[in-house]
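These notes concern the structure reproduced below.
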Amino acid sequence: MSTTTASWALSGFGDEIDADPVVQVAVLQSLGANHIEVRSAWGTNIIELSPEQLAALAAVFAERDMGVSAIASPIGKVDAGLPVEHEVERLGAAIAACHRLDSRYIRLFSFYRAEGTEPASIRDAVLTRLRALADLAEREGVILLHENEKDIYGDTPERVLDIIESVGSDALRVAWDSANFVQVGVRPFTEGYAMLRPHLEYLQVKDAVAATGAVVPAGEGDGQLLETLTALRDDGYAGFASLEPHLADVTSMGAFSGPVAFGRAARGFASLTNQLGISTR
C-alpha cells in the first residue's frame, strides 16, 4: 500500500438509491459519505422543484448534517438547435437550487446533434451556448462541470478539451467520467487523462466494459480506474468523488441502482481507494 496521504470527499447520486431524500441520505451516510449529488428528489428533477420543495430538501440535509457536492442538472442534454435562451433559463433554475442547497457546482452537458450528422456540424452552436451559460455562472459565482456523456459534442477527450479551451472560462471545468469514455471507444487514462487533468475539477465514479458498454462497479471494467485514481492521488487531487453506479434502470435523464446495488458500487470504489491509501470522508 502506498504511504501517500490523500483525502477525498465521498458523495453520490442520491436518486439512484431511492426517490425519498431521507432514504438517500441514510444510505449514503451508512456508506461513509457526508455529501450528496442532487439530481432529483421525490421523483422530480432538481430544476423543476418549487421553492417550497427546495426549502424542504434543504431542511432534510440540514437536519442530517449532509452537504451537497453538486447539482446534477440536465442542462445541455437537449438538441443544439434549440435557442440559446432555452438552456440559459433552465440554468437559472439550477443556480437557484445550487444557492439554496449551499453548493458551488452544477453539472451540465454539451448538447445533442441531429441523427446522421457529424459533431463538427454543431461545434459553433455548442460553443455559443456554453459561453452564454458560463457568463451566467460567472455572474452567479458557481462552477459548471462538463460531463463527457456519450453522444453529446463533448464525448471524447479531444472535444472536451476543445470546449474548455474555446469557452475559456474559469466557471467551466471538467467532471471526469471513465465509464462514459469507455462507451465511446476511449481508453480513459491512456488517451484522456494527461490532456484533461489541468481542467479536471470533479470525479464521477463508475466503470464500463468496452465490449458491451455495460456499466459495472469501479475496477470491474475497462475504465482504467486504478491508473486514474493513482494519478489523481499523486497529482494532489483533493476534491469530490461522486458515486454514480448506473447498475439497474438507465434512461437519457438518469438512472437507478437501488440501495443494494449502490452499496456494491461503493464497496468496489472503496477497495480501490483502500489499496491506494486514499481516505474518503
Side-chain angles (χ1 to χ4, degrees), residues 1-17 24-39 61 64-72 98 101-107 142-148 160 173-182 188-189 192-194 196-208 215-221 223-247 257 262-281:
M1 180 182 292
S2 169
T3 57
T4 301
T5 301
S7 179
W8 300 348
L10 185 64
S11 184
F13 282 66
D15 63 354
E16 289 216 15
I17 297 168
Q24 296 175 11
V25 172
V27 172
L28 282 166
Q29 289 185 333
S30 75
L31 296 171
N34 292 309
H35 290 82
I36 184 170
E37 185 158 349
V38 184
R39 181 169 52 201
F61 297 153
R64 292 157 179 80
D65 198 24
M66 194 69 164
V68 175
S69 63
I71 302 301
C98 196
L101 300 178
D102 196 24
S103 185
R104 66 188 298 237
Y105 292 123
I106 298 173
R107 178 196 68 163
V142 300
I143 295 176
L144 306 177
L145 301 168
H146 176 274
E147 179 182 340
N148 52 291
V160 174
R173 304 281 288 168
V174 168
W176 176 277
D177 189 310
S178 294
N180 290 350
F181 277 140
V182 170
F189 181 75
Y193 184 83
L196 296 178
R197 178 62 182 98
H199 310 289
L200 196 161
E201 183 86 11
Y202 194 93
L203 178 65
Q204 290 181 196
V205 182
K206 63 180 187 284
D207 205 344
V215 177
V216 294
E220 295 183 18
Q224 299 183 300
L225 266 296
L226 185 62
E227 296 94 326
T228 302
L229 300 183
T230 300
L232 285 169
R233 178 201 66 189
D234 295 345
D235 286 347
Y237 180 76
F240 289 104
S242 184
L243 300 167
E244 189 186 9
H246 276 30
L247 294 180
S257 297
F262 201 98
R264 183 161 67 91
R267 289 189 293 276
F269 181 60
S271 70
L272 296 176
T273 55
N274 290 341
Q275 179 181 340
L276 296 172
I278 300 166
S279 66
T280 55
R281 61 190 192 280

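Small disclaimer: the values here were computed from a predicted structure and weren't measured.
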Query raised in the report: Looking only at atom types and distance, does a side-chain atom of Ser11 sit under 3.5 Å from a main-chain N or O of Glu37, one as donor and one as acceptor?
Result: yes

Requested in this report: Would you kindly say whether Glu201 and Tyr105 are connected by a side-chain donor-acceptor distance under 3.5 Å?
Outcome: yes

Query raised in the report: With no hydrogens and no angle check, is any side-chain donor or acceptor of Trp8 less than 3.5 Å from a backbone partner on Tyr237?
Result: yes

Report task. Show the numbers, then the answer: is there a side chain to side chain contact (heavy atoms under 4.5 Å, CB included) between Val174 and Arg197? Result -> CA-CA 9 Å; Val174 168; Arg197 178 62 182 98; over 6 Å; no

Requested in this report: Taking Arg264 for its side chain and Pro217 for its backbone only, find out whether a donor-acceptor pair lies under 3.5 Å.
Outcome: no

Query raised in the report: Going by heavy atoms in the side chains, are Thr280 and Phe269 under 4.5 Å from each other?
Result: yes

Query raised in the report: So, do Leu225 and Glu220 sit near enough that their side-chain heavy atoms are less than 4.5 Å apart?
Result: no

**Report entry** Neighbour count above 12 (heavy atom, 6.0 Å) for Asp235 CG
**Finding:** yes

Report task. Look at the side chain of Asp177 and the backbone N and O of Asn148, then say whether any donor-acceptor pair between them is shorter than 3.5 Å. Result -> no

Report task. Measure the shortest side-chain to side-chain distance between Gln24 and Met66 over non-hydrogen atoms and say whether it is less than 4.5 angstrom. Result -> no

Query - Test item: Phe240 and Leu145 side chains (from C-beta on) under 4.5 Å apart, heavy atoms - result: no

**Report entry** Heavy-atom pair of closest approach, residues Tyr202 and Ser69
**Finding:** OH-OG, 2.8 Å

Query raised in the report: Taking C-beta and beyond as the side chain, do Asn34 and Asp65 meet within less than 4.5 Å on heavy atoms?
Result: no

Requested in this report: Answer whether the closest heavy-atom distance between the side chains of Thr230 and Arg233 falls below 4.5 Å.
Outcome: yes

Requested in this report: For the residue pair Leu28 and Leu10, establish whether any side-chain heavy-atom pair is separated by less than 4.5 Å.
Outcome: no

